[in-house]
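Okay, structure first, notes after.
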Amino acid sequence: MKIATWNVNSIRARLERVLAWLKTQRPDVLCLQEIKVTGEAFPAEALAAAGYHAVVNGQRTYHGVAILSREPASDVVVGLGDGGDDSQARLVGARVGGVRIFSAYVPNGAEVGSEKFAYKLVWLDRLRRYLEAHASPNEPLLLCGDLNVAPEDRDVAHPEAWSDTVLCHPDARAALRRVVDWGLVDTFRLHHAEGGFYSWWDYRQLSFPKNDGLRIDHILATAPLAKRCTGSSIDREARKGKQPSDHAPVIAIFET
DNA sequence: ATGGTTGCTTAGCAA
């Protein structure tokens, strides 16, 4: 089973790229973030023609997440549903072939100390509580997405330059750690211990050519699936060329 | 300290 996650920064701007990528990579599941469209405007027909079903938690202009799958998905859940603010479309979950899969777009947080950064920390805490309430670490489950946190310094090209930013701040890392400590494994780190692997490069400052990136997109698995994870990678090629997303797809393989 | 780029939406926000 081949699972991928990709912040596409607008599915409408990136549709041809996504279709081409699906054609060559043929993942069983592709989690999308920042689709920036409502469910009605989501290009479901074009993706269906490419062989993929879609479940969507969409929104106009900002945010928006989806799960594409070759097999039909079931048990779709949308949002955190905990009575807190769910006005931003940042979470969708579904069952695909006996695996529960979540596509998450964690708030970026703008600036450390801002209201948005506080919202990010609260949102990660709500995500941890969501898992506690609605899932078990003993079931096959994947949390995929743009988690907007580089977990460690080895996930950052220039850690000293990013240490006080929203992607690396100790409070952000601790908040993600509490999610992971519920019972998840970073599948990428099962197969790569070294630094130099990134999933996001700012559009500005020639960040990509300089490989000034951060690893903020993740495929996290519960133990039953982590045990079956036979490989992981980041498709840096997909960040190249004309009009790329600022993120590259992350891939994990699980033996079935 | 600011700006650099991209997308959505149409001046400014978010990333």
Side-chain angles (χ1 to χ4, degrees), chain A residues 5-21 31-43 46-47 56-66 79 85-92 103-124 127 144-151 155-158 160-169 171-173 175-176 198-218 234-250:
Chain A
T5 185
W6 194 4
N7 179 326
V8 290
N9 186 19
S10 167
I11 187 60
R12 287 181 292 192
R14 226 63 64 198
L15 181 59
E16 292 310 313
R17 263 184 183 267
V18 170
L19 290 170
W21 195 82
C31 294
L32 299 172
Q33 299 86 39
E34 281 205 89
I35 59 172
K36 297 187 174 179
V37 283
T38 60
E40 294 75 36
F42 188 81
L47 292 160
V56 180
N57 181 10
Q59 179 175 349
R60 180 184 133 103
T61 311
Y62 299 123
H63 323 308
V65 288
D85 174 43
D86 246 344
S87 64
Q88 303 178 8
R90 295 186 176 278
L91 187 69
V92 64
S103 179
Y105 176 46
V106 172
N108 171 281
E111 298 282 338
V112 172
S114 67
E115 275 186 32
K116 285 178 179 164
F117 188 62
Y119 186 85
K120 174 183 195 168
L121 301 181
V122 168
W123 200 91
L124 282 163
L127 181 59
C144 308
D146 177 0
L147 306 187
N148 262 319
V149 178
D155 301 309
V156 187
H158 299 104
E160 68 292 339
W162 288 87
S163 60
D164 291 329
T165 70
V166 293
L167 303 180
C168 298
H169 191 276
D171 292 349
R173 285 180 169 173
L176 179 61
Y198 314 119
S199 66
W200 172 79
W201 301 259
D202 198 296
Y203 282 126
R204 299 163 290 189
Q205 311 277 83
L206 297 173
S207 298
F208 184 68
K210 293 192 288 193
N211 200 26
D212 181 6
L214 294 88
R215 196 176 67 89
I216 59 175
D217 300 86
H218 305 289
I234 299 175
D235 184 11
R236 206 173 178 284
E237 294 300 309
R239 180 64 174 76
K240 298 179 179 177
K242 284 182 186 284
Q243 296 179 309
S245 168
D246 44 352
H247 295 252
V250 178

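Residue Asn108(A) contributes atom CG, which lies 15 Å from atom C1' of dG7(B) at whole-angstrom precision. The nearest whole Å value for the distance from the NZ atom in Lys116(A) to the P atom in dC13(B) is 9 Å. Remark: C1' of dA15(B) and CG of Leu147(A) are 16 Å apart, rounded to the nearest angstrom. Atom CD of Glu115(A) and atom C1' of dC13(B) are 15 Å apart (whole Å). One can place CD of Gln243(A) at 9 Å from P of dT6(B), the figure rounded to the nearest angstrom. Rounded to an integer number of Å, the gap from CZ of Phe208(A) to P of dT6(B) is 14 Å. Between the CG atom of Asn148(A) and the C1' atom of dA14(B) there is a distance of 11 Å, rounded to whole Å. In this structure, Asp202(A) places its CG atom 17 Å from P of dA14(B), rounding to the nearest Å.
Along DNA chain B, the nucleotide nearest Arg204(A) and the nucleotide nearest Asp246(A) are compared for position; the residue whose nucleotide lies closer to the 5' end is Arg204(A).
In this structure, Tyr105(A) reaches the sugar-phosphate backbone alone: every heavy-atom distance under 4.0 Å involves primed, P, OP1 or OP2 atoms, never a base. Heavy atoms of His63(A) sit under 4.0 angstrom from primed sugar atoms or phosphate atoms, though from no base atom.
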(request) Give the intermediate values and the outcome of side-chain contact (heavy atoms from CB on, under 4.5 Å) for residues Leu47(A) and Phe42(A). (result) CA-CA 9 Å; Leu47(A) 292 160; Phe42(A) 188 81; 3.4 Å; yes
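Residue pairs meeting the salt bridge (Lys or Arg N to Asp or Glu O under 4.0 Å) criterion with at least one partner in residues 103-121 of chain A, sequence neighbours excluded, are absent. Among residues at least two apart or in separate chains, salt bridge (Lys or Arg N to Asp or Glu O under 4.0 Å) pairs with a member in residues 202-213 of chain A are Asp202(A)-Arg204(A).
Partners of Asp217(A) under the side-chain hydrogen bond (donor to acceptor under 3.5 Å, both in side chains) rule, at least two apart in sequence or in another chain, are Ser199(A), His247(A). Partners of Tyr105(A) by side chain to side chain contact (heavy atoms under 4.5 Å, CB included), not counting sequence neighbours, listed by chain and number: Asn7(A), Gln33(A), Glu34(A), His63(A), Val65(A), Arg90(A), Asp146(A), Asn148(A). For Phe117(A), the ring pair (Phe, Tyr, Trp, His ring centres under 6.0 Å) partners are His169(A), not counting sequence neighbours.
A distance of about 15 Å separates the C1' atoms of dT10(B) and dT6(B), rounded to the whole Å. The separation of dA1(B) from dA11(B), taken at their C1' atoms, amounts to 23 Å, rounded to a whole angstrom. Distance noted for atom P between dT2(B) and dC8(B): 28 Å (whole Å). Spacing between dA15(B) and dT9(B) at atom C1', rounded to whole Å, works out to 16 Å.
Side-chain nitrogen and oxygen atoms of Arg14(A) include none within less than 4.0 Å of the OP1 or OP2 phosphate oxygen of dT6(B).
Other residues, nucleotides and ligands contribute more than 12 heavy atoms inside 6.0 Å of the CG atom of Asn211(A).
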Output one line per pair: protein atom, nucleotide atom from nucleotides 8-12 of chain B, and distance, for all N/O pairs under 3.5 Å.
residue	atom	partner	partner atom	Å
dC8(B)	OP1	Ser10(A)	OG	2.2
dT9(B)	OP1	Thr61(A)	OG1	2.8

